[in-house]
Amino acid sequence: MVSRVIPVDPFDLVVFGATGDLARRKILPGLYRRFVAGQIPETSRIIGSARTEMDDQGFRAFVAEAIAEFIDAKKRDAESIARFLDHLRYVSVDAKGDSGWPELAALIRPDVVQAYYFSVAPSLFGDLAERLHRHGIASPEARIVVEKPFGRDLETAKALNATLAAHFAESQIYRIDHYLGKETVQNLMAVRFANILFEPLWNARHVDHVQITVSETVGVGGRGAYYDKSGAMRDMVQNHLMQLLCLIAMEAPYRFDPDAVRDEKLKVIHALQPVAPEDIVRGQYRAGGPGGNGSSYVEDVDHRDSRTESYIALKVDIANWRWKGTPFYLRTGKKLRARASEIAVVFKEVPHSIFGDEEGWRENVLAIRLQPNEGMTLSVMIKEPGPGGMRLTEVPLDMSFAEALGEDGADIPDAYERLIMDVIRGNQTLFMRGDEVEAAWAWTDPIIAAWEARGDRPKAYDPGSSGPEDALMLLHRDGRRWREIRE
Ligand code: BG6
């Protein structure tokens, strides 16, 4: 299979916060990979910008180091790095003052696609938006890209939306949820809406329940100060898991078009029911784990009394015709047994078994693996081979995207690469609209407010485990079980 690189128009992309962690780890190396793929037009420029004083050469050296650190040696070479670096410029600007802006204005070309990536703290969004306008830099079609966290509740999200809306139209704002850039996540839509096979079964009559798991092995790392104010609910559920749930649950949009897709996702969020306290389990990792000497969550965030969750599992119902009666179980956490993310659609049993009470009888499960080893497995029951009557056994119809797609599958672009190219193309399908973000907070806020009012403490769990014991009960009491977390 030959991978197709769709060309984009020439652009000026300004990365604010160009010396920050996200730019170094994801944005700049991702742009290099797109360059190698032949997707960056000859006349395009990537303009780094931050408060740090630096010249073009200094920035190029910084980016060269980032490429060496984050791009596999087999996928980079000195010649293409040198050619890529030629596209780079650097301007130092002060987000809160006027210095540097006239220089930036002089550099930007009005007749190419303009994109401004705000890879900075949300408290600076307003300042950047305002100065881009005051200095007459942004063209009427310019696009701005903003990162999560998009607010920490409905009120702050509304305020951020209003700040951006003061200078940019919704059609110019690209709110990144990097999960939407993951190959398998987009494949969810392809699987659902490009095959006739699943749709007739995709409803409460045939689906017993859905499990969405995003399990991480890492702890909170150096982000303790941010994370302790967020917790797994704000950091992962309100955005990433919510987006996955929407793609599984939404109706077919009338067209694969940004607003048509986002309208359907929004309807799902509106239909999410409040979550009862007994349907939530929050956890926090203690010290220990494999090797026995890992630090605890409270040590990692340096907050002895912290009640923030590093793990959450919850059950939510969707009140609409398609899903009434099919619970969705969501779980995510840090320092768990394996890095494994998957969506499992667990179908109901056959209405009547002609084989009697067979041992080993299992439901059909469609499991979509997001990472690692992206792919899909459909478990089906077959006859155990050999004589001796009709015994049944479960076998997987297993498809690894890497194997199925050959080289193309092995070289799946990183989420950021795809999303940045979508910004340049002006395609908002994989970005969150303002009303979607607000609706997600409107569902999340009362859940958090309720556990804060009760003064709930998260349950301790061992690093390297699959989370707190109580999370098992969440399914056991409904006569169900979590799928094993495996890499
Ligand atoms: C980020 C969260 O949005 O997603 C992190 O802030 C989390 O806490 C990360 O680790 C997970 O992303 P991925 O792509 O590694 O699954």
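Each residue takes its place number in the sequence, starting with 1. Both counts, for ligands and for their atoms, begin at 1 and track the order of listing.
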(Q) Taking E216 first and then K334, would you say they form a salt bridge - that is, a charged N and a carboxylate O separated by under 4.0 Å? (A) yes
Please tell me whether [X] and [Y] have a donor and an acceptor in their side chains that are separated by less than 3.5 angstrom.
{"X": "Q211", "Y": "R480", "value": "no"}
{"X": "S465", "Y": "Y285", "value": "no"}
{"X": "Y227", "Y": "S310", "value": "no"}

Q. Any idea which heavy atoms bring T308 and P458 closest together, and the distance?
A. O-CG, 3.8 Å
(Q) Check this for me: R51, atom CZ, are more than 12 non-hydrogen atoms of other residues, nucleotides or ligands nearer than 6.0 Å? (A) no
Q: Would you please write out the protein residues whose heavy atoms approach any atom of ligand 1 to under 4.0 angstrom, listed by chain and number?
A: K148, H178, Y179, K182, E216, R223, D235, M236, H240, K334, R339, Q371
